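Heads up: the structure comes next, in structure tokens.
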Amino acid sequence: MDKLINHIKELHKQDIELSLKLEYSLYYGWIVQVIRKGYDMPIVEVNDNSLDKAIEYIYSELKQLGEI
């Protein structure tokens, strides 16, 4: 959970218009969505049983896309 908090703080420091949506499903595991404010569709969405792995993947995808 600390990694999640650090990544959210990092996004806020950079003043990026993104929101992070977290859900947990017994079937899918953690569902993490990053949505650009003002849009309905996520930029990145990951399903993973490990929240840390999902957050790491989301962070690397956003970097590759040039969002952060």
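These numbers come from a predicted model, not from an experiment. By convention here, the first residue in the shown sequence is residue 1.
Residue Ser25 comes nearest to Ile31 through the heavy atom pair CB-CD1, 4.1 Å, listed as atom of the first residue, atom of the second, then distance. The shortest non-hydrogen separation linking Ile35 to Pro42 is CG1-CA, 3.8 Å. Summarising the geometry of Asn49 relative to Gly29, their closest heavy-atom pair is OD1-CA, 3.4 Å, with the distance given to 0.1 Å.
With rounding to the nearest 0.5 Å, the separation of CD1 in Ile58 from NZ in Lys53 is 15.0 Å. With rounding to the nearest 0.5 angstrom, the CH2 atom of Trp30 is 9.0 Å from the CD1 atom of Ile55.
Asn47 places a side-chain heavy atom less than 4.5 Å from the side chain of Glu45.
Cluster membership check: Leu26 shares its hydrophobic cluster with Val46, using side-chain heavy-atom separations under 4.5 Å among Ile, Leu, Val, Met, Phe, Trp and Tyr.
The side chain to side chain contact (heavy atoms under 4.5 Å, CB included) test with Glu67 is passed by exactly one of Leu18, Val34, Val44: Leu18.
More than 12 heavy atoms of other residues, nucleotides or ligands shown are found within 6.0 angstrom of OH on Tyr24.
For Tyr57, there are no ring pair (Phe, Tyr, Trp, His ring centres under 6.0 Å) partners at least two apart in sequence or on another chain.
Ionic pairing of Lys63 and Glu61 is not present here: no N-O contact between side-chain nitrogen and carboxylate oxygen is shorter than 4.0 angstrom.
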